[in-house]
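Let me begin by presenting the structure, written as C-alpha cells, before commenting on it.
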Amino acid sequence: MEEGTGVNTGLPNLGDKSKVLDVKPLRFLVPRFPDASNGPPFFFAPPNGPFPSGFSPFSPFSGPQGSPSTPDLNQNEFCSTAVPIRSFRAEPPDSNGQNVPKQKSSGSSSVQKKAKKRKVFEFAFTALDNFNPGISASERDDGNRELVENVLWRFDALRRKLSQMEDATEPHSGIIKRSVLKASNVMMSKGVRTNAIKRIGVVPGVEIGDIFFFRLELCLVGLHAQSMAGIDPMPMKGDLEGERVAVSIVSSGGYDDDVEDPDVLVYTGHGGNASGDKEASDQKLVRGNLALERSLHRANEVRVIRGFQDSTHQTSKVYVYDGLYKVQESWTEKGKSGCNMFKYKLVRIPGQKGAFATWKMINKWKEGLSPRDGLILPDLTSAAESVPVSLVNEVDDEKGPAHFTYLSTVKYSKSFKLLQPSFGCSCHDACQAGNLNCSCFKKNGGDLPYTAYGILVCRKPMIYECGSSCPCLRNCKNRVTQTGFKVHFEVFKTRDRGWGLRSWDPIRAGTFICEYAGEVIDNIDAKQDGGDDESNEYAFHTDRVYESFKWNYEPELVGEESSNTNEDYDIPSPLIISSKNSGNVARFMNHSCSPNVFWQPIMYERNNEVLLHIAFFAKRHIPPMTELTYDYGIPRSDEKGSNNAEYGKKKCLCGSAKCRELTVYRKLETIYGDVFRRLAGDDVELLEKCQNAWCFT
DNA sequence: GATTAGTCAGTGAT
DNA sequence: CATCACTGACTAAT
C-alpha cells in the first residue's frame with residue numbers, strides 16, 4: 001500500500017496539539033465527468049412533453065388559493081392565474097388589502113380573547129398544472145436508488161424554499177407554518193414519488209441506515225405509507241376480506257417501549273390514549289393491532305423505522321430505517337393508565353447491516369458510557385472549535401496523520417485581500433427574515449439564504465453573510481458559516497484511501513458542514529512551489545471543472561421562472577486555498593464522484609476586509625458514520641501538476657497496468673450501480689465491495 | 001366523505 | 001432560555 005507513504009512516525013507529542021498529524025487527504029483520484037449528452041437521468045422532461053400514462057393533472061392545492069380555472073391548454077406557460085411568489089409579502093398590519101391571507105388586526109385580537117384563531121400560512125402561488133414529474137408510471141410504482149434519492153432531494157428542496165417564504169412573515173403573527181405538509185402535498189399530487197405500491201419486505205432503493213426527518217418522506221419513497229399512524233397494514237392476496245398484515249412500523253418513542261438490545265423492539269399497539277375530553281381506554285384488536293397480530297402468525301417480514309429526537313434540533317425528529325424484523329410474540333399488559341395495551345415483540349432478522357445499533361453505540365460514546373475503539377485523540381482541534389473532533393484508527397496501527405497546524409478559517413496574506421465597497425446592513429439585534437430593507441438580504445436577492453434552522457435554502461453564485469460592521473448580533477441568522485461547525489466529526493483511517501472524515505451526528509440536507517480552512521496562495525506560487533507536487537494534494541481550487549448538479553427547488557412548482565435558481569458559481573477571481581501546513585477537518589474529506597457534500601462560495605466582511613470563504617454543505621441527509629466526500633473537480637490545463645500523471649498515478653485500486661498518465665478514475669458504482677445491486681442481491685458485503693471499487697474509464 | 005393516526009409547529013407555563 | 005404539555009390545523013390511506 002502506497003498511501004501510508006511510510007509516514008508512520010509514531011504517536012506525536014500529544015501535549016502540543018497544535019502539531020499533530022500530517023496525513024494527506026487523498027486527492028489522487030481525479031474524476032471524469034460523464035458526457036453532458038447523457039447527463040443525470042432525472043432532469044426535467046420538456047414542459048409540454050407527454051404525460052406518462054396513468055398521470056392525471058390535478059388541482060394543485062386544496063386551499064382557496066388553488067386555481068379554479070381550467071388548465072391552460074397551451075401547456076407551455078405558467079397558469080394564467082399564477083402569482084409570482086415575490087408578489088406576496090406579509091402586509092403591514094394596517095393594510096386592508098383583501099388578498100392578505102392572514103388575520104392580523106392587532107387591535108381586536110388583543111382585546112378579544114377568543115379571536116386568536118390561528119391560520120395556516122397560505123402560499124400565493126400556483127404550480128404549473130402541466131408539470132411533468134419526470135417519473136414514469138412504472139417508476140412511480142417501483143423505484144430504485146436513484147429514484148429514491150431524486151424524490152427526496154426534490155421534496156427537501158421545495159420544503160426549504162417554502163420554509164424560507166414562511167419565515168419571511170412577521171414573527172408572532174400567529175401564522176402556522178406548514179411547509180412540510182404543503183411540499184408533500186405538491187409532490188404527492190404531481191406524482192413525484194416512488195414505490196407507491198405497497199409491498200412486504202425490501203423497498204427498492206431504500207437502504208438500511210437511511211435517515212429521514214419527516215414522516216412524509218417515508219410516504220414519498222414507499223417505506224411507510226401512513227402519514228401519522230405507526231403501523232402500516234396491507235391486504236394479503238387471497239385473504240379473507242379485511243384481513244391484513246403489517247408491512248412496516250414506525251417506533252417514535254411515544255409509548256416508552258425502549259429495550260436494551262438494539263435488535264429487539266417491543267412495540268405498543270395503537271389506540272386507547274387519553275386525548276382532549278376522552279379518557280384512556282383499553283386498546284382494541286383492530287386495524288394496525290390486528291395486522292401485527294396476523295403478521296405474528298404469518299411470520300412476514302416487517303420493516304422497522306426507529307424515530308427519536310434530533311440532537312441538533314430539539315424540536316424535531318430523526319427516523320432511521322433499521323431493516324427487516326419479524327414479530328415473535330404478542331401479549332397484553334396494563335399501561336400506566338390501568339388500561340390494557342397490546343405489546344408486540346419484534347426481532348431483527350440477522351445478517352443485516354447495522355443501523356439503529358450504530359446510533360445506540362454512538363450515544364454511549366457521547367455519554368462516556370463506553371469507549372470509542374481505536375480512539376487516538378478525543379479532540380484534534382485542541383478545543384479550537386466548539387465541538388470536539390475525534391481522531392480514530394480502527395484499521396491499522398498508524399497513530400495519526402503527521403504534523404499540521406489546526407486553523408479554523410481561511411487565512412489571507414495581505415496581497416489577497418478582496419476589497420469591495422462598504423458592506424454592512426443597519427439591522428439591530430438580528431436581521432429578520434422578510435425585512436425588505438436589510439442590505440445584506442438585498443445582496444442575496446432579497447431573502448435570508450438560510451432557514452430558521454440555519455439550513456441553506458438554495459445554492460447560489462455567491463452568498464453574502466452579515467459581517468463585523470453590521471450592527472446585528474452574533475446570533476443573527478445570516479451568520480451561519482462564520483460561527484463554526486456544529487456536528488461532532490471524526491477523522492478516521494479508511495481501509496484504502498488514507499484518512500477520511502465522517503460525523504457522529506445525523507446531518508440534514510443543507511446543513512453547514514465546515515469551511516475549507518487554510519492559507520490562500522496564488523497559482524504562481526503553486527507553480528513555483530518546487531519540484532514536488534505535494535501542495536497540489538492539499539489545495540482547494542475554485543476554478544477547476546466541477547460536475548454540475550441540480551440541488552435547488554423546481555421553480556415551476558412555485559410559479560416562478562426557472563432563471564431564478566442559478567446554481568453556477570460566480571467567483572470574482574480564482575482562489576486557491578492550501579491546507580498543507582495549516583487547515584481544519586476539511587482537509588481530510590476525500591473525493592467521490594457521487595459525493596454527499598458540496599461547496600458554496602460565501603462572502604462576509606471582517607476587520608474592514610471582505611473575504612471569500614469556501615463553505616461545505618450537506619447535499620442530502622447523511623446518516624452517522626457515513627464518510628463525507630465532495631467532488632475535487634478536474635484541474636484546468638494551467639494548474640500545476642494537471643498535465644502530469646500525479647493525480648491518476650498515485651493510487652488506483654484496480655491495479656491495472658493502464659494506470660498511468662491522464663488516466664482517470666471513477667467509482668464503479670457510478671457506472672454499474674443498479675447492475676451491482678441486482679447481482680449482489682442479499683450479499684451486503686459483496687455489494688459494499690463493488691460500490692467501493694474504483695476503475696479507470 | 002368520514003374516520004383514523006405514535007404529526008408538526010406555535011404558544012405559554014415552568 | 002430550555003423544555004414540556006397543550007392544541008389547532010392538516011395529511012394519506014382506507
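Only heavy atoms go into these numbers, but all of them, side chains included; no hydrogens, no water, no symmetry mates. Each chain gets a letter, A, B and so on, in the order its sequence line appears, and its residues count up from 1.
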Centroid-to-centroid, A/W504 to A/W365, below 6.0 Å?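 Yes, close enough.
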Looking only at non-hydrogen atoms, find the nearest pair between A/A452 and A/D167 and report the distance.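 What the structure gives for the nearest pair is N-OD2, 3.0 Å.
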Using the test side chain to side chain donor-acceptor pair (under 3.5 Å), find all partners of A/T451 that sit at least two apart in sequence or belong to another chain.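 With neighbours one apart ignored, the set is empty.
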Taking [atom1] from [X] and [atom2] from [N], how many angstroms apart are they, rounded to a whole number?
{"X": "A/N289", "N": "B/dT4", "atom1": "CG", "atom2": "P", "answer": "14 Å"}
{"X": "A/L290", "N": "B/dA5", "atom1": "CG", "atom2": "P", "answer": "13 Å"}
{"X": "A/L473", "N": "C/dC1", "atom1": "CG", "atom2": "C1'", "answer": "16 Å"}

Over all strands shown, is A/Y319 touching base, sugar-phosphate only, or nothing at heavy-atom distances under 4.0 angstrom?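 The residue A/Y319 makes sugar-phosphate contact but no base contact.
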Sugar-phosphate, base or nothing in reach of A/R215, heavy atoms under 4.0 Å: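 Result for A/R215 = sugar-phosphate.
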For a stem of at least 3 consecutive Watson-Crick or G-U pairs with distances under 3.5 Å, i pairing with j, i+1 with j-1 and so on, which stems involve DNA chain C?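 Paired runs of 3+ in DNA chain C: B:2-5 with C:11-14, B:7-14 with C:2-9.
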Using a 3.5 Å distance criterion without hydrogens, assess whether the side chain of [X] forms a donor-acceptor pair with backbone atoms of [Y].
{"X": "A/R160", "Y": "A/V457", "value": "yes"}
{"X": "A/R303", "Y": "A/G201", "value": "yes"}
{"X": "A/E139", "Y": "A/L147", "value": "no"}

Detail all sub-3.5 Å separations between protein N/O atoms and N/O atoms belonging to nucleotides 12-14 of chain C.
unit_1: C/dA13; atom_1: OP1; unit_2: A/R193; atom_2: NH2; d: 3.2
unit_1: C/dT14; atom_1: OP1; unit_2: A/K198; atom_2: NZ; d: 2.7
unit_1: C/dT14; atom_1: O3'; unit_2: A/R244; atom_2: NH2; d: 3.4

Crowded around A/K477 NZ? As in, over 12 foreign heavy atoms under 6.0 Å?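 Atom NZ in A/K477 is not crowded, with 12 or fewer foreign heavy atoms closer than 6.0 Å.
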Hey, which of A/C476, A/C440, A/C431 is the one that makes side chain to side chain contact (heavy atoms under 4.5 Å, CB included) with A/C470?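 Going through A/C476, A/C440, A/C431 one by one, the side chain to side chain contact (heavy atoms under 4.5 Å, CB included) with A/C470 is satisfied by A/C440 alone.
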Nearest to the side chain of A/V120, heavy atoms from C-beta on, is which of B/dA5, B/dA9, C/dC10?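 Among B/dA5, B/dA9, C/dC10, the one nearest the side chain of A/V120 is C/dC10.
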